[in-house]
2 protein chains.
Amino acid sequence: MHLEKIKPRRVYEDVLEQITKLMSKGKINPGDRLMGEREMANALGVSRTTLREALRTLEHLGLVDIKPGGGTFVKDQNLNQVISPLALALSVEQNSFHDLWEIRFSLEVTAAGLAAQQATPENLQYIEAALREMLSCWSDHASFSKADLRFHYMIAQASQNAMMSRLLQTFVVHLYEMSLKAGYSRFMHDREGVQTINEHSRIFEAIKNRNPEQARLSMQEHLQGVRRDLEGLLEDSTIDDSNMPKV
Amino acid sequence: MHLEKIKPRRVYEDVLEQITKLMSKGKINPGDRLMGEREMANALGVSRTTLREALRTLEHLGLVDIKPGGGTFVKDQNLNQVISPLALALSVEQNSFHDLWEIRFSLEVTAAGLAAQQATPENLQYIEAALREMLSCWSDHASFSKADLRFHYMIAQASQNAMMSRLLQTFVVHLYEMSLKAGYSRFMHDREGVQTINEHSRIFEAIKNRNPEQARLSMQEHLQGVRRDLEGLLEDSTIDDSNMPKV
DNA sequence: TAGGTACACTGGTTGGACCAATTGATTCTA
DNA sequence: TAGAATCAATTGGTCCAACCAGTGTACCTA
């Protein structure tokens with residue numbers, strides 16, 4: 001027989017529930033300032049300590065902005081501060097590079113297709129700007145990588161899917177950092193300088209020409225190419241690709 | 001000129017960093033019991049309150065299990081307790097059904113393909129069991145839906161990608177709950193009883209026959225079908241599909 | 001009126017206290 | 001002696017009162 005472990009209910013969870021409900025029902029709106037901690041704790045009938053645990057949680061979820069000396073404000077969701085709650089979890093959990101890459105691959109190919117359908121002129125402008133910057137500073141590893149990341153992020157943005165964009169950003173950045181640790185930067189130029197520019201251009205053109213299928217295909221090819229390069233590196237790197245929780 | 005706002009450093013963030021580093025370096029392993037709060041707070045030179053804010057964060061990330069009266073334990077990642085940090089964020093943020101569905105679609109089609117390549121005999125067994133249960137209790141809405149969800153979850157598991165599985169589970173469950181709120185349950189049977197069984201069977205067969213392309217295709221068709229049904233419902237439902245943060 | 005200053009208020013942090021639940025050693029019992 | 005009941009130490013959960021360091025505002029001054 002298999003029984004579920006019963007979790008003791010905690011007060012701060014009740015508090016969290018009350019506040020989140022107010023937010024999802026629109027009783028509290030972005031930009032609003034919440035009551036002071038002392039006042040709110042009193043209104044809820046809990047201690048300030050407990051209330052603060054709930055507020056801290058809200059902050060981690062990116063739902064609230066706590067300004068010392070100022071107050072607590074409901075975060076404006078339009079700010080694309082991509083601090084996904086996944087980010088920290090990713091940095092700690094022992095996920096294999098392979099697994100994360102599959103997810104990125106899946107999402108980014110989809111995002112490229114969506115971008116081709118729904119990118120605004122402004123989106124296209126940003127994507128092209130990132131592409132130009134890659135061209136202009138391809139001799140500077142750091143700047144090049146930065147522009148590279150921005151290129152991919154701008155495509156995610158162009159998908160007009162905020163959650164997709166957040167997820168992708170999180171995964172892409174994390175994978176990039178994992179690659180750096182494995183020493184990818186040294187060897188990047190062999191490929192990046194010549195090949196990547198072309199691939200990126202193709203992706204951009206497909207999006208610009210409103211060709212979703214081509215955009216998906218170009219993105220697919222690009223990511224497969226990058227991955228091939230990374231694979232050689234991974235074989236004898238410090239990236240742990242085996243210690244993954246199975247099932 | 002655009003300047004970034006400087007965030008005052010908080011003590012609990014330092015604490016969080018120390019602990020997470022120990023975890024990612026393997027100094028602390030799943031199952032380990034952390035020091036008592038008083039002792040650890042003393043060792044870190046911070047107050048118990050501050051330490052607790054860090055521990056609470058770790059708990060929300062699913063990295064740690066806090067047992068009142070017992071102690072704090074590093075969570076065993078092998079337990080597929082899918083309490084993604086995303087879950088709460090999803091329940092509060094105003095994400096459009098459409099956006100979440102696109103993500104689910106992308107990931108699940110990929111998962112189906114992977115499952116066809118890598119499913120273990122045990123995986124296949126679980127998937128088939130869920131399928132059988134759907135057949136046996138198709139007259140009971142609740143049980144049917146439960147089996148339906150399990151079917152999809154088991155495929156995600158069969159992809160052998162733990163992170164993918166976690167993400168999918170989170171999105172699928174959330175979308176299901178959103179559907180329920182919109183009154184999907186009443187109308188589900190029109191389609192579910194007849195069509196869905198067939199579609200599910202096709203997906204299972206493709207996975208069983210180790211045919212990734214067919215598995216992807218079958219999953220694609222199934223999800224597109226379900227979505228078509230949902231769309232009619234969404235037009236005049238309580239699901240907010242417009243109030244989504246753009247860009 | 002413009003500028004500066006004092007003050008009330010905010011979140012951040014601390015230490016101490018008490019509760020309820022768990023745990024493990026101790027003692028009692030059969 | 002083996003098992004059961006008991007007790008005490010320990011743990012996390014919650015609360016309280018206090019102080020700090022910033023913020024914002026109202027008031028006062030030049």
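A, B, ... follow the sequence lines: proteins, then strands. Residue 1 opens every chain.
The stretch residues 42-55 of chain B touches DNA chain D through B:Arg48, B:Arg52, each having a heavy atom under 4.0 angstrom from the strand.
A:Val64 places none of its side-chain heavy atoms less than 4.5 Å from the side chain of A:Phe73.
Rounded to whole angstrom, the span from the CZ atom of A:Arg33 across to the C1' atom of C:dG11 amounts to 10 Å. To the nearest angstrom, P of D:dG12 lies 11 Å from CE of B:Met35. Summarising the geometry, the separation between CD1 on A:Ile66 and P on D:dA21 is reported as 20 Å, rounded to the nearest angstrom. Following rounding to the nearest Å, A:Leu34 (CG) and C:dC9 (P) show an atom-to-atom distance of 19 Å.
Of the residues near DNA chain C, B:Gly69 and A:Glu39, the one whose nearest nucleotide (by heavy atom distance) lies more toward the 5' end is A:Glu39.
Taking the charged nitrogens against the carboxylate oxygens, B:Glu102 and B:Arg227 have no contact shorter than 4.0 Å, which rules out a salt bridge.
For the residue pair A:Gln160/A:Asn123, the side-chain donor-acceptor check at 3.5 Å is satisfied.
Judged by distance alone, with hydrogens and angles left aside, B:Arg10 brings no side-chain donor or acceptor close enough to the base of C:dG11 to form a pair under 3.5 Å.
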Within the sub-3.5 Å range, which N or O atoms of nucleotides 5-9 of chain D have a protein N or O partner, and how far apart are they?
none

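Among the nucleotides D:dG13, D:dG12, C:dG12, the one closest to any side-chain atom of B:Thr72 is D:dG12.
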